[in-house]
Amino acid sequence: MLLLSSLAFFTALATANPLESRQSCGTYTVPSVPGGFTTRKFIDFSTATAGQNTQTVLANQGLYISDWPIPDPGFIPHTFTPNNVNLVNGALSLKVSAYSGSGNVISSEIFTDEDIRYASVRTVLKSSGVPGVCEGMFFYKDGQGEIDLEILTSTTLTSSPKVAAGFWTTNHNLTNGDKVSSVHPFGFDPSAGFHEYRVDWSPTATRYYVDGTYIGQLTSLIPQITGSWLWNAWSNGDDGWSAGPPTTDSTTLIRSIEIYKDYVTTTTGTVCPV
Ligand SMILES: *[C@@H]1O[C@H](CO)[C@@H](O)[C@H](O)[C@H]1NC(C)=O
């Protein structure tokens, strides 16, 4: 009797805790993707505090900080620098420094250390609101392929002469330069609060969601290769893209990153829709 009631108690505890029940998932499934993902990785910056060692905390999560210049012929070059990636209270901050008018635009970027092929990647992010910055959440394999979800802070809510308002989704074949893009209007000001931006990448489509609502998909030029996922904030002054560079410091905040990965075509074990 005692044994039975303790068992019932622990069973109740396990079901009451969503994290516990998720850990027992054999396959995480997402809509319109056959099969699913066997691994969930959750990186939570909501409990971060300013002054923590950013590089160490990120490395413990399999995330690294870019530290190199991007020449960008025809535009202002930018430099990804570790100094512009910092834990603050409750978030990870990606900074683009106010541009002095000469030299490179000092920018920021982090990336996964692991090879990912097909995934559902969910980033809870607050856009900077300072014009002249591109905020990217993307897959990239040098010389091969790229999947982008990008916010351009100059044109979030209002179009410029060259750039339509909204956020951009793109598949890009880096071998031959083929590219397919679509722009989706925001239903809110992305700099006023945190929102979840999600890319579901399967062998046949890249599908995009905001705050769990399906926004649209691209079904061509789907990368079929492994690479890193990256998050960055930068500017090159291109009035056909990022605009800027910013004249005051720009801060993009990431509260969490959730990655479902290790794609399987057939589900196994307990199936958890996510
Ligand atoms: C990218 O382009 C190369 C060269 O044309 C081609 O072999 C490859 O299949 C393309 N990949 C995708 C995903 O379109």
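As the structure lists them, so they are numbered: ligands from 1, and atoms in each ligand from 1. One is the number of the first residue; the rest follow in order along the sequence.
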When the ring planes of Y28 and Y260 are compared, do they come out parallel, tilted or perpendicular, using 30° and 60° as the limits? tilted
Shared hydrophobic cluster for I110 and I70 (ILVMFWY, side-chain gaps under 4.5 Å): no
Quick note, side-chain hydrogen bond (donor to acceptor under 3.5 Å, both in side chains) partners involving residues 67-80, not counting sequence neighbours, are D72-N236, T79-N104
Taking ring-ring contact (aromatic ring centres under 6.0 Å, His included) as the test, write out the residues that go with F186, two or more places apart. F167, F188
Using only heavy-atom distances, determine whether the side chains of T81 and N83 contain a donor-acceptor pair under 3.5 Å. no
Residue set satisfying ring-ring contact (aromatic ring centres under 6.0 Å, His included) with F75, at least two apart, ordered chain then number -> none
Within the 4.0 Å heavy-atom cut-off around ligand 1, the contacting residues, ordered by chain and number, are N173, T175, N176, L221, I222
